[in-house]
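It should be emphasised that the depicted structure is a prediction, and the values quoted were computed from it without experimental measurement. Below, chains carry the letters A, B, ... as their sequence lines are ordered, and counting in each starts from 1. Heavy atoms only: backbone and side chains are in, while hydrogens, waters and symmetry mates are out.
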Amino acid sequence: MIGKESSLQNFNIKAFQKDLLEWYYANKRDLPWRKDQDPYRVWVSEIMLQQTKVDTVIPYFHNFLEKFPTVHALAAADEQEVLKAWEGLGYYSRARNLQHAVREVVEHYGGQVPDNPKELESLKGIGSYTKGAILSIAFNQPEPAVDGNVMRVFSRVLNIDDDIALPKTKKLFEAITREVISHEDPSSFNQAIMDLGATICTPKSPACLICPVQEYCQGYELGVEQQLPIKSKAKKNKKMPYAVLLIRNEQGEIAIEQRPDDGLLANLWQFPMVPIQEMSVELIENWFYAQYGMRINLGEKQADLKHVFSHLTWELNIFHAKLEHDTRKEEKIVFVTEDELNSYPFPVSHLKMREYL
DNA sequence: GATACGTGGAA
DNA sequence: TTTCCAAGTAT
């Protein structure tokens, strides 16, 4: 690892700050969460923006703030309603953790978002990045908010080849940012680095010729900007084949079930899924009876589709089925009308399946 | 420290 | 088609 001391030798911090901030003041993007410094709005935006593009977040942000305009509104909402507002955005534990944390803010902090690192980081879903983002953007504190943009920009500017996939590398960049951050306008400094990373110092084909800090960039000077940052590869994901059953009862209602309250897509709803190795109608019917206590008649396969996650892929084979005999004791499966489906949060693959109902 | 955790868009 | 990526966090 390169120490921050050697990285910052001969680096003109004041001049870098000045050029970066002047560029930001003239070119900053007009984003809905930049209208004010309301800590709750900043918080919601930062959670939504985790691993998610700005263009994707914008409509969700508007809708979410309309439905839950304050910490009190979000604290009082049903979790299902919150998940429904998050539907399609992904990483759903963000939504559940956010509501959990907001309820803690209402209970322990009188509804005021904490303005110190200790209390902020103790809240569910707030890690080192989000803590720094809230402290700097909402409270004007000179705290680092190191995300992928910051690591990419500083990897190039300071020619640092540490693997940004490693946790310890983030600590290095946090230490560097503490040295480099503007104390006059820490909020703008952090957002400027992120805007620069998103619009100029992009992962592929960075626009070095129009970069406001080109003259400070060792990566550019050495012609290695395309090689930085160093990032180790993710592993290939695993395939998981399922039969998905669109089951109708005699009233024409449709069977859905809620997923477990932890792990993948926690607490979301889905059409019943049967893990399969090979396609066998009897195997599926029998497995379903053993699991749910319901006899079904499997109909014809309607379609298949893939649902690609970060770490695995569902191979979904969609079947119609008819409820034959119901000897259930528990109500794990619920039958609802097509209209009622609209109030349940589903993963995107199951939203797409409604076309085959 | 490695892995789980979503989704849609770009090259 | 495949791969990578995007304002990370929890465990």
Next on the checklist: Using the side-chain heavy atoms of A/Lys204, tell me which of these nucleotides is nearest: B/dA11, C/dT9, B/dG6.
Outcome noted: B/dA11
Checklist entry - When all nucleic acid strands are considered with a 4.0 Å heavy-atom cut-off, which category describes A/Gly197: base, sugar-phosphate, or nothing? => result nothing
Next on the checklist: Side chain of A/Leu312 only, heavy atoms from C-beta on: which candidate in B/dG6, B/dG8, B/dC5 is closest?
Outcome noted: B/dC5
Checklist entry - Any side-chain N or O of A/His311 less than 4.0 Å from the OP1 or OP2 oxygen of B/dC5? => result yes
Checklist entry - Is A/Leu265 touching bases, backbone alone, or none of the nucleic acid, heavy atoms closer than 4.0 Å? => result sugar-phosphate
Item to check | Separation of atom CG in A/Asn97 from atom C1' in C/dT9, rounded to whole Å | outcome: 8 Å
Checklist entry - Can you tell me how far P of C/dG8 sits from CD1 of A/Ile164, to the nearest Å? => result 10 Å
Checklist entry - Considering only B/dG8, C/dG8, B/dT7, which nucleotide approaches the side chain of A/Gln50 most closely? => result C/dG8
Next on the checklist: From the set B/dC5, C/dG8, B/dT7, return the single nucleotide nearest to any side-chain atom of A/Leu264.
Outcome noted: B/dC5
Checklist entry - What does A/Thr130 touch in the nucleic acid at a heavy-atom separation under 4.0 angstrom: a base, only the sugar-phosphate, or nothing? => result sugar-phosphate
Next on the checklist: Measure CG/A/Leu120 against P/C/dT9 and give the value in whole Å, please.
Outcome noted: 12 Å
Item to check | Check: A/Ala133 main-chain N/O paired with A/Ser136 side-chain donor or acceptor under 3.5 Å | outcome: yes
Item to check | Rounded distance in Å - CG (A/Asp147) to P (C/dC5) | outcome: 14 Å
Next on the checklist: Taking the six-membered ring for Trp, are A/Phe64 and A/Tyr60 closer than 6.0 Å centroid to centroid?
Outcome noted: no
Item to check | Separation of the P atoms in C/dT9 and B/dG8, to the nearest angstrom | outcome: 22 Å
Item to check | d(NZ, A/Lys233; P, C/dC4) in whole Å | outcome: 5 Å
Next on the checklist: What is the distance, to the nearest angstrom, from the NZ atom on A/Lys171 to the C1' atom on C/dT9?
Outcome noted: 13 Å
Next on the checklist: Could you tell me how far apart A/Arg152 (CZ) and C/dC4 (C1') are, to the nearest whole angstrom?
Outcome noted: 12 Å
Next on the checklist: Applying a 4.0 Å non-hydrogen cut-off, can you work out what A/Leu31 is touching in the nucleic acid: base, sugar-phosphate, or nothing?
Outcome noted: base
Item to check | Interatomic distance at P, B/dG6 relative to C/dT3, whole Å | outcome: 22 Å
Next on the checklist: Taking only the P atom of each, what is the distance from B/dT3 to C/dC4 in whole angstrom?
Outcome noted: 16 Å
Checklist entry - Do any N or O atoms from the side chain of A/Thr177 and from the backbone of A/Ala175 form a donor-acceptor pair under 3.5 angstrom? => result no
Next on the checklist: So, OP1 or OP2 of C/dG8: does either fall under 4.0 Å of a side-chain N or O from A/Lys131?
Outcome noted: no
Checklist outcome for this item: Of A/Gly125 and A/Lys53, the one whose closest nucleotide on DNA chain C sits nearer the 5' end is A/Lys53
Next on the checklist: Students often get this wrong, so: under 4.0 angstrom with heavy atoms, is A/Val57 touching a base, only sugar-phosphate, or nothing?
Outcome noted: nothing
Checklist entry - Between A/Phe173 and A/Phe154, how do the two ring planes meet: parallel, tilted or perpendicular, split at 30° and 60°? => result parallel
Checklist entry - So what does A/Trp314 touch, heavy atoms closer than 4.0 Å: a base, only the sugar-phosphate, or nothing? => result nothing
Next on the checklist: Tell me if the side-chain of A/Thr52 makes a donor-acceptor pair with the base of B/dG6, cut-off 3.5 Å, by modelled atom types.
Outcome noted: yes
Item to check | hbond_proxy A/Ser310 side chain to B/dG6 base (donor-acceptor, 3.5 Å cutoff) | outcome: yes
Next on the checklist: Is it true that, when you exclude A/Glu315 itself, more than 12 heavy atoms of the residues, nucleotides or ligands shown sit nearer than 6.0 Å to its CD?
Outcome noted: yes
Checklist outcome for this item: Of A/Leu166 and A/Ser349, the one whose nearest nucleotide on DNA chain B sits closer to the 5' end is A/Leu166
Next on the checklist: Just to be sure I understand the rule, does A/Val150 reach a base, reach only the sugar-phosphate, or reach nothing, if contact means heavy atoms closer than 4.0 Å?
Outcome noted: nothing
Checklist entry - Quick one: are the ring centres of A/Phe346 and A/Phe271 less than 6.0 Å apart? => result yes
Item to check | hbond_proxy A/Tyr91 side chain to B/dG6 base (donor-acceptor, 3.5 Å cutoff) | outcome: yes
Item to check | Touch class at under 4.0 angstrom, heavy-atom based, for A/Arg34 against every strand present | outcome: base
Item to check | Pair A/Trp86 + A/Tyr91: ring centers closer than 6.0 Å | outcome: no
Next on the checklist: Nearest whole Å is fine: how far is C/dG8 P from A/Met194 CE?
Outcome noted: 9 Å
